[in-house]
Amino acid sequence: MKNKRVTYLTQAAMIAALYVVLTFVFAPISFGEIQVRISEILTVLPIFSPAAIPGLFVGCFLGNILGGAILPDVVFGSIATLLGALGTYCLRKQLKVLALLPPVIANICVVPFVLRYAYGVALPIPFLMLTVGVGEVISCELLGNVLVAVLSKYKNRIFASAEA
């Protein structure tokens, strides 16, 4: 029991750290009204481990804080990632394409409003939904499917049992 808890916490911490690192490495395209946040590729990880859910939330939270985001972005952007991760976990046994949709949908529904009302971006909400959506499709659906294919081959070696 204690070993599973340590495994769970370790996986969550590693996922959070990886999210932050990817956000910073790709910082020029991770923020703004037109963004492809490469770190969002990690939103596929709840398919393999429930530890990814808190890991993604904490990673997004820290990535936004350290990236200089303002408070509404830190809070609501992190909540969008949390909702997406929960949705992916809930759909993990369905078609993988369906399991990858919740992060895209959550970010399309949240981030444009943050951009518009917190940052004052003067673009229409539907346009911001389109730009955020395209970036999420690239990172979650396109790159995410590649990551799922690779991790599926090695999941038993990479993801030890980590039920909370």
Side-chain angles (χ1 to χ4, degrees), residues 6-89 99-123 127-151 154-155 158-160 162:
V6 170
T7 300
Y8 183 91
L9 291 172
T10 302
Q11 286 180 2
M14 290 178 67
I15 291 166
L18 189 54
Y19 191 101
V20 171
V21 168
L22 288 173
T23 300
F24 277 98
V25 168
F26 295 100
I29 61 172
S30 293
F31 300 95
E33 51 272 359
I34 298 175
Q35 59 179 268
V36 178
R37 191 174 273 202
I38 300 298
S39 49
E40 286 286 297
I41 191 175
L42 300 176
T43 59
V44 305
L45 295 179
I47 292 172
F48 302 101
S49 171
I53 298 166
L56 290 166
F57 175 72
V58 170
C60 183
F61 186 82
L62 292 174
N64 284 344
I65 287 174
L66 298 172
I70 61 176
L71 186 60
D73 192 5
V74 171
V75 172
F76 293 109
S78 301
I79 289 171
T81 298
L82 175 63
L83 293 173
L86 286 167
T88 296
Y89 182 75
L100 302 180
L101 282 176
V104 175
I105 294 167
N107 281 287
I108 287 173
C109 292
V110 173
V111 174
F113 292 95
V114 171
L115 292 170
R116 175 76 172 157
Y117 297 111
Y119 288 104
V121 173
L123 296 169
F127 180 75
L128 292 171
M129 290 175 134
L130 176 68
T131 61
V132 169
V134 167
E136 285 293 310
V137 166
I138 291 169
S139 58
C140 297
E141 293 288 337
L142 297 177
L143 298 175
N145 272 309
V146 172
L147 185 59
V148 167
V150 171
L151 291 178
Y154 304 103
K155 67 181 174 187
I158 297 173
F159 297 100

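- Here the closest heavy-atom approach between residue Val20 and residue Gly59 is recorded as CG2-O, 3.4 Å.
- The CG atom of Leu18 sits 8.0 Å away from atom CG of Leu45, with the distance rounded to the nearest 0.5 Å.
- A distance of 9.5 Å separates CZ in Phe57 from CG in Leu62, rounded to the nearest 0.5 Å.
- The shortest non-hydrogen separation linking Gly55 to Ile15 is C-CG2, 4.0 Å.
- The shortest distance between side-chain heavy atoms of Leu56 and Glu40 does not fall below 4.5 Å.
- Nearest heavy-atom pair, Asn64 versus Ser78, reported as atom, atom and distance to 0.1 Å: ND2-OG, 4.0 Å.
- Between Cys60 and Tyr19 the shortest side-chain heavy-atom distance falls below 4.5 Å.
- Taking every heavy atom of both residues into account, Cys140 and Val44 meet most closely at O-CG1, 4.2 Å.
- Put simply, the side chain of Val146 does not reach to within 4.5 Å of the side chain of Ile41, judged on heavy atoms.
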Phe31 and Thr23: CA distance, side-chain angles, deciding distance, side chain to side chain contact (heavy atoms under 4.5 Å, CB included) verdict: CA-CA 9 Å; Phe31 300 95; Thr23 300; 3.7 Å; yes

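- In terms of heavy-atom proximity, Pro103 sits nearest to Glu136 at O-OE1, 3.7 Å.
- Between Tyr119 and Val114 there is a side-chain heavy-atom pair separated by less than 4.5 Å.
- Across Pro46 and Thr88, no two heavy atoms sit closer than the pair CB-CG2, 4.0 Å.
- Side-chain contact between Phe48 and Val148 is present, with at least one heavy-atom pair separated by less than 4.5 Å.
- Here Thr10 contributes atom OG1 and Tyr8 contributes atom OH; the two are 12.0 Å apart, rounded to the nearest 0.5 Å.
- To the nearest 0.5 Å, the span separating CG on Leu130 from CD on Glu33 amounts to 13.0 Å.
- Considering only heavy atoms from C-beta on, Ile79 stays 4.5 Å or farther from Val110 through its side chain.
- Contact check for Arg116 versus Phe127: no side-chain heavy atoms found under the 4.5 Å cut-off.
- Once rounded to the nearest 0.5 Å, the distance linking CD1 of Ile29 with CD1 of Ile34 reads 12.0 Å.
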Hey, mind stepping through Leu123 and Thr131 against side chain to side chain contact (heavy atoms under 4.5 Å, CB included) and telling me if it holds? CA-CA 11 Å; Leu123 296 169; Thr131 61; over 6 Å; no

Determine, stepwise, if the pair Leu82 / Ile53 fulfils side chain to side chain contact (heavy atoms under 4.5 Å, CB included). CA-CA 7 Å; Leu82 175 63; Ile53 298 166; 3.7 Å; yes

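- Atom CG of Leu100 sits about 11.0 Å away from atom CG of Leu143, to the nearest 0.5 Å.
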